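Worth knowing before you read on, the calculation uses all heavy atoms, side chains too, and leaves out hydrogens, waters and symmetry mates. Quick caveat, the model's predicted, so the values are computed rather than measured.
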Amino acid sequence: MDFDLTEEQRLLKESIDRFAADNARDPAAHGTAPDIWPQLAELGVLALPFSEEDGGIGGGPVETMIVMEALGRGLITAPYLPSVVLGGGFLRLGGNAAQKAEFIPQVAEGSLKMAFAQLEKGSRYDLYDVSTTAKRDGGDFVLDGRKGVVLGGDDAGLLVVTARTAGSRRDHDGITLFLVDAEAPGVSRRGSAAQDGTRVAEIAFDGVRVPAGRVLGEVDGGLPLAGHVVDVALAALCADSLGAMEELQRVTVDYLKTRQQFGVPIASFQALQHRAADMLVAVEQARSMAVYAAMMAEETDILTRRPAIAAAKAQVNRSGRQVGQEAVQLHGGIAMTWEYKAGHYFKRLTTNDVIFGDTDHHLRAVMQEGGLVEEV
């Protein structure tokens, strides 16, 4: 297979790499990072995954991987994953013509941010564990429930919400997806910062009325769509972690070349050379699986896509933990200071590790598809 980038993809990579380098987050700056969302819109990356017919550029998972890798390398906390990859993914894969025409241009130009409100108390990583309810009332639905750790949820203008319209809490059927105005009566939210600096929110829905025209996909049949969009997001997340690993490995090697002990750079010590080589191997393993995930992200057959994405996330998580731990140990105490960026990259990797499933969760998903364990 041809893994070389096309000319357009190379130009995109050069552009977004320069942008990420110029706007890389400074760990020593304790204040709020400047808003770079308009700049991303101007570069065209917010319109990247949408088709030209819908007002986008017509990019695919490889283009998304290029962008996410650069954002991870620069420790950039802009809500590209929740708004463009997740929110935009729901519009791309499940929106009807009217919904696409109304919202995609706004997302592409940066005037509308989106978020996926799915996680609930006790649900862990199971998309089908939904207690939030949506009951019909005339031509509307009325939503009641609570969602937690909503990525980018504190300043999103439009929420994609999972709610149960039939069945009991852990049934796979009976889940419906809704497009909910974040400023609608009955919606309340409380924002906070995750450990890596990204923004999350706790969101409550108390008697929120949603018109039937804001249903995404089929009533009672929203789980397959949610699963596909989350798999697309997982592929993008693998790329973000890869970018963070690449920069962390580079910073660590540079430190070994400059830090001296006994009058010589510690990079000359064979034991440390072996550990640096192990870091490089882990990064390359993550790169291979991130590319694999990007190739499989748009696969419509869930039996083919799901184990591939799960295997990629499991390996990237493992590589991220290894690279992060080695970097901290090879740097010594300096890696744990706020002003030095090594620890911040480890925080990014640790946060990415648990988004939509940790290593054990995805290894179990691979084994389930292989018939090695039964689903609980």
Side-chain angles (χ1 to χ4, degrees), residues 46-61 64 79-108 112-119 126-130 132 134 136 140-141 143 145 147 150-153 156-167 171-182 184 205 208 210-237 296-306 309 356:
L46 302 186
L48 195 61
F50 304 111
S51 69
E52 295 181 10
E53 293 78 9
D54 293 328
I57 296 178
T64 299
Y80 191 82
L81 178 75
S83 184
V84 178
V85 180
L86 278 167
F90 279 106
L91 293 173
R92 284 193 308 109
L93 299 176
N96 57 38
Q99 292 165 348
K100 290 180 179 180
E102 181 179 1
F103 297 119
I104 286 181
Q106 297 181 59
V107 174
L112 176 67
K113 294 178 183 178
M114 298 183 65
F116 179 35
Q118 169 269 324
L119 190 65
D126 296 328
L127 293 176
Y128 53 83
D129 192 332
V130 177
T132 297
R136 284 190 180 273
D140 298 339
F141 288 85
L143 270 64
K147 301 290 185 178
V150 179
L151 302 176
L158 187 66
L159 306 172
V160 179
V161 183
T162 56
R164 185 160 295 284
T165 46
D171 288 347
H172 287 226
D173 295 326
I175 296 172
T176 304
L177 296 163
F178 295 91
L179 291 168
V180 181
D181 184 348
F205 303 90
V208 179
V210 182
R214 292 294 182 90
V215 172
L216 267 172
E218 300 178 4
V219 175
D220 295 341
L223 185 61
L225 173 59
H228 192 176
V229 174
V230 166
D231 282 344
V232 171
L234 284 169
L237 201 62
M296 299 301 295
E298 297 292 334
E299 170 62 52
T300 56
D301 181 8
I302 187 174
L303 297 179
T304 303
R305 183 188 72 245
R306 182 85 278 277
I309 298 295
F356 293 123

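Of the residues I175, V161, T176, the one that meets the side-chain contact (heavy atoms from CB on, under 4.5 Å) test with V130 is I175.
Not a single donor-acceptor pair under 3.5 Å links the side chain of K147 to the backbone N or O of T132. With E102 contributing its side chain and Q99 its backbone, the two residues share no donor-acceptor pair below 3.5 Å.
Put simply, the side chain of L48 reaches to within 4.5 Å of the side chain of Y80, judged on heavy atoms. Side-chain contact between L158 and R214: present, with at least one pair of heavy atoms (C-beta onward) separated by less than 4.5 Å. In this structure, V107 and L46 have side chains that are not in contact, with every pair of non-hydrogen atoms separated by 4.5 Å or more. At a threshold of 4.5 Å between non-hydrogen side-chain atoms, the residues V215 and F141 count as touching. Under the 4.5 Å side-chain criterion, counting only non-hydrogen atoms from C-beta, I302 is not in contact with P224. Side-chain contact check for Q106 versus M114: every heavy-atom pair is 4.5 Å or farther apart.
Residue pairs meeting the salt bridge (charged side-chain N to carboxylate O under 4.0 Å, His left out) criterion with at least one partner in residues 47-56, sequence neighbours excluded, are absent. Listed by first and then second residue, the side-chain hydrogen bond (donor to acceptor under 3.5 Å, both in side chains) pairs that reach into residues 216-231 are T165-D220, D231-R305, D231-R306, sequence neighbours excluded.
Annotation: the span from I309 atom CD1 to T304 atom OG1 amounts to 11.5 Å, rounded to 0.5 Å. Taken to the nearest 0.5 Å, the CG atom of L159 stands 13.5 Å off from the CD atom of Q118. Here the CG atom belonging to L93 is positioned 10.5 Å from the OG1 atom belonging to T300, to the nearest 0.5 angstrom. We find the CG-CG distance between D129 and D171 to be 10.5 Å, quoted to the nearest 0.5 Å.
Considering every non-hydrogen atom in both L179 and V160, the closest pair reads CD2-CG2, 3.8 Å. The two residues A134 and L143 make their nearest non-hydrogen contact at CB-CD1, 3.7 Å. The shortest heavy-atom contact between F356 and A233 is CE1-CB, 4.5 Å. Closest approach of P105 and K100 over heavy atoms only: CD-O, 3.4 Å. Closest approach of V232 to A297, counting heavy atoms only: CG2-O, 3.5 Å. H172 and L223 get closest at one heavy-atom pair: O-CD2, 3.5 Å.
Residues that satisfy the side-chain hydrogen bond (donor to acceptor under 3.5 Å, both in side chains) test with D140, not counting sequence neighbours, are R209. Every side-chain contact (heavy atoms from CB on, under 4.5 Å) that A236 has, sequence neighbours left out, goes to T64, M68, L81, V85. Every residue was checked against the side-chain hydrogen bond (donor to acceptor under 3.5 Å, both in side chains) condition with D173, not counting sequence neighbours, and none meets it. Looking at residues two or more places apart in sequence or on another chain, you find a side-chain contact (heavy atoms from CB on, under 4.5 Å) between P79 and W37, P82, K113.
Ring-plane geometry between F90 and F116 is classed as tilted, the angle between the planes lying from 30 to 60 degrees on a 0 to 90 degree scale.
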